[in-house]
Amino acid sequence: MQEALVEADRAEALAEVPIGAVVVQAGKIIGRGHNLRETGQDPTAHAEMIAIRQAAEQLGSWRLLDSTLYVTLEPCVMCMGGIILARIPFLVYGCRDPKAGAVGSIYNLAEDERFNHRVEVREGVLQPECSGQLTEFFRRLRQQKKDSKKT
């Protein structure tokens, strides 16, 4: 999760929402990603999707069996779809997303028996660090908007 936080820092340095993800297999990082939605004006450029694409390219296979995805924020519906389709068996995330989370906050796609793949989930890993980074980012963003209205 520390490496996912490093990726979140990279997103924040680009003025992106600080979310980071890494895919690990056999103790080695095989995919990294951080939010690039604003940079690329791409609604699918979520940290998880970028890390999954990189891992699939690294392995030469879309099946990311025996891997774990670490992400700082609970995945959304799109990202959970990618996780399920990539057959990632383990997901570890830092903090919940009450507005878009698809692993328990709004939906729980990880446990939906209608899918042909289940994802084992562990939540709350480094939760204070993950949620603190997001909280501080949005606090600064609100302050910047407030300050810009004054001028």
Side-chain angles (χ1 to χ4, degrees), residues 1-40 42-56 58-59 63-115 117-146:
M1 187 62 79
Q2 288 289 355
E3 290 297 318
L5 282 164
V6 168
E7 290 298 319
D9 289 340
R10 290 180 176 145
E12 190 167 11
L14 297 170
E16 295 276 356
V17 176
I19 301 169
V22 294
V23 179
V24 176
Q25 189 179 72
K28 180 182 172 194
I29 295 174
I30 59 171
R32 293 178 168 275
H34 53 271
N35 264 10
L36 290 172
R37 288 191 320 170
E38 297 297 330
T39 302
D42 179 354
T44 69
H46 289 202
E48 301 96 319
M49 300 301 285
I50 294 166
I52 289 169
R53 283 187 200 113
Q54 192 178 95
Q58 173 79 19
L59 293 178
R63 290 179 186 90
L64 302 181
L65 306 172
D66 302 318
S67 64
T68 301
L69 174 68
Y70 294 85
V71 62
T72 57
L73 182 68
E74 176 183 4
C76 70
V77 171
M78 175 185 68
C79 292
M80 273 309 295
I83 291 163
I84 291 166
L85 292 172
R87 307 296 194 268
I88 295 173
F90 304 105
L91 167 66
V92 179
Y93 70 89
C95 58
R96 285 194 163 217
D97 183 351
K99 294 183 179 181
V103 192
S105 289
I106 296 178
Y107 302 105
N108 195 342
L109 300 183
E111 293 182 5
D112 192 321
E113 294 179 3
R114 294 171 290 185
F115 292 115
H117 176 71
R118 305 286 174 288
V119 180
E120 187 177 321
V121 178
R122 180 171 174 209
E123 72 171 279
V125 174
L126 297 182
Q127 188 276 334
E129 293 89 337
C130 294
S131 64
Q133 185 175 33
L134 286 162
T135 299
E136 183 58 23
F137 174 82
F138 286 113
R139 186 199 63 73
R140 281 194 314 272
L141 194 62
R142 285 188 300 273
Q143 187 62 49
Q144 287 170 358
K145 285 182 181 180
K146 191 176 185 181

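From a predicted model like this one, the values you see are computed outputs, not experimental measurements. When a residue number appears, it is its place in the shown sequence, counting from 1.
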Participant: Assess whether salt bridge (charged side-chain N to carboxylate O under 4.0 Å, His left out) is satisfied between D97 and K99, documenting all intermediate values.
Facilitator: CA-CA 5 Å; D97 183 351; K99 294 183 179 181; over 6 Å; no
Participant: Should L69 and E48 count as side-chain neighbours, where that means a heavy-atom distance under 4.5 Å?
Facilitator: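 Sidechains of E48 and L69: in contact.
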Participant: Measure the SG-CG distance between C79 and L109 for me, rounded to the nearest 0.5 Å.
Facilitator: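 If I round to the nearest 0.5 Å, the distance is 11.0 Å.
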Participant: Report yes if the side chains of Y70 and V125 come closer than 4.5 Å at any heavy-atom pair, otherwise no.
Facilitator: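 A side-chain contact under 4.5 Å is absent here.
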Participant: Distance from I83 atom CD1 to I52 atom CD1, nearest 0.5 Å?
Facilitator: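 Here the rounded value is 5.0 Å.
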Participant: Any side-chain heavy-atom pair from P18 and T72 closer than 4.5 angstrom?
Facilitator: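 Contact flag for P18/T72 side chains = no.
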Participant: Is the shortest heavy-atom distance from the side chain of R32 to the side chain of R10 under 4.5 Å?
Facilitator: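 With C-beta onward as the side chain, the pair touches.
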Participant: Do M1 and V92 have side chains that get closer than 4.5 Å, going by heavy atoms?
Facilitator: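 Touching, per the 4.5 Å side-chain cut-off.
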Participant: Considering non-hydrogen atoms only, spot the tightest contact between A51 and A21 and give its length.
Facilitator: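 Taking every non-hydrogen atom into account, CB-O, 3.9 Å.
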Participant: Going by side-chain contact (heavy atoms from CB on, under 4.5 Å), name the residues that satisfy it together with L14, two or more places apart in sequence or in a different chain.
Facilitator: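 Partners of L14 by the side-chain contact (heavy atoms from CB on, under 4.5 Å) criterion, ordered by chain and then number, come out as E16, H34, L36, T39.
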Participant: Please report the closest heavy-atom contact between A102 and C76, naming both atoms and the distance.
Facilitator: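 Of all heavy-atom pairs spanning A102 and C76, the closest is CB-C, 3.5 Å.
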Participant: Please walk me through it: do V103 and L91 pass side chain to side chain contact (heavy atoms under 4.5 Å, CB included)?
Facilitator: CA-CA 10 Å; V103 192; L91 167 66; 4.0 Å; yes
Participant: What do the steps show when you test Q143 against R140 for side chain to side chain contact (heavy atoms under 4.5 Å, CB included), and what is the final call?
Facilitator: CA-CA 5 Å; Q143 187 62 49; R140 281 194 314 272; 5.6 Å; no
Participant: List the steps and the verdict of side chain to side chain contact (heavy atoms under 4.5 Å, CB included) for Y107 and D112.
Facilitator: CA-CA 9 Å; Y107 302 105; D112 192 321; over 6 Å; no
Participant: Between Q25 and L65 (side chain of the first, backbone of the second, donor and acceptor by atom type, cut-off under 3.5 Å), is there such a pair?
Facilitator: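 The answer is yes, because a donor-acceptor pair under 3.5 Å joins these two groups.
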Participant: For the residue pair V119 and F90, establish whether any side-chain heavy-atom pair is separated by less than 4.5 Å.
Facilitator: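 No; the side chains remain at least 4.5 Å from each other.
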Participant: State plainly whether the residues E111 and R118 are in salt-bridge range, i.e. N to O under 4.0 Å.
Facilitator: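 Looking at R118 together with E111, the answer is no, because their closest N to O distance does not fall below 4.0 Å.
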Participant: What are the two closest heavy atoms between C130 and G94, and how far apart are they?
Facilitator: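 Residues C130 and G94, closest heavy atoms: SG-CA, 3.8 Å.
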Participant: Measuring from E136:CD to L141:CG, what's the distance to the nearest 0.5 Å?
Facilitator: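 With rounding to 0.5 Å, CD (E136) is 11.5 Å from CG (L141).
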Participant: When you measure from the side chain of H117 to the backbone of I88, do you find a donor-acceptor pair of N or O atoms at a distance under 3.5 Å?
Facilitator: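 Here the side-chain-to-backbone pair exists.
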Participant: So do the side chains of L134 and L73 get within less than 4.5 Å of each other, counting heavy atoms only?
Facilitator: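 Yes, close enough: below the 4.5 Å cut-off.
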Participant: Just by distance, with hydrogens left out, do D9 and Q133 show a side-chain donor and acceptor under 3.5 Å apart?
Facilitator: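 On atom types as modelled, these side chains qualify, holding a pair under 3.5 Å.
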Participant: Report the C-alpha separation of I29 and E3 in whole Å, then their side-chain angles, then the decisive distance to 0.1 Å, and conclude whether the side chain to side chain contact (heavy atoms under 4.5 Å, CB included) test is met.
Facilitator: CA-CA 9 Å; I29 295 174; E3 290 297 318; 3.6 Å; yes
Participant: Is a side-chain donor or acceptor of E74 paired with a backbone partner of C95 at a separation under 3.5 angstrom?
Facilitator: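 Judged by distance alone, no pair lies under 3.5 Å.
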Participant: Looking at CD of Q127 and CD of E129, how far apart are the two atoms once the value is rounded to the nearest 0.5 Å?
Facilitator: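 Going from CD on Q127 over to CD on E129, the span is 8.5 Å.
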Participant: Any heavy-atom pair between the side chains of N108 and M80 that's under 4.5 Å?
Facilitator: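 No, too far: nothing below the 4.5 Å cut-off.
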Participant: Under 3.5 Å, is there a donor-acceptor pair between the side chain of N35 and the main chain of I19?
Facilitator: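 Judged by distance alone, no pair lies under 3.5 Å.
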Participant: I'd like to know if the side chain of R122 reaches the main chain of E120, judged simply by a donor and an acceptor atom lying under 3.5 Å from each other, with no hydrogens or angles considered.
Facilitator: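 No, because the side chain of R122 does not come within donor-acceptor range (under 3.5 Å) of the backbone of E120.
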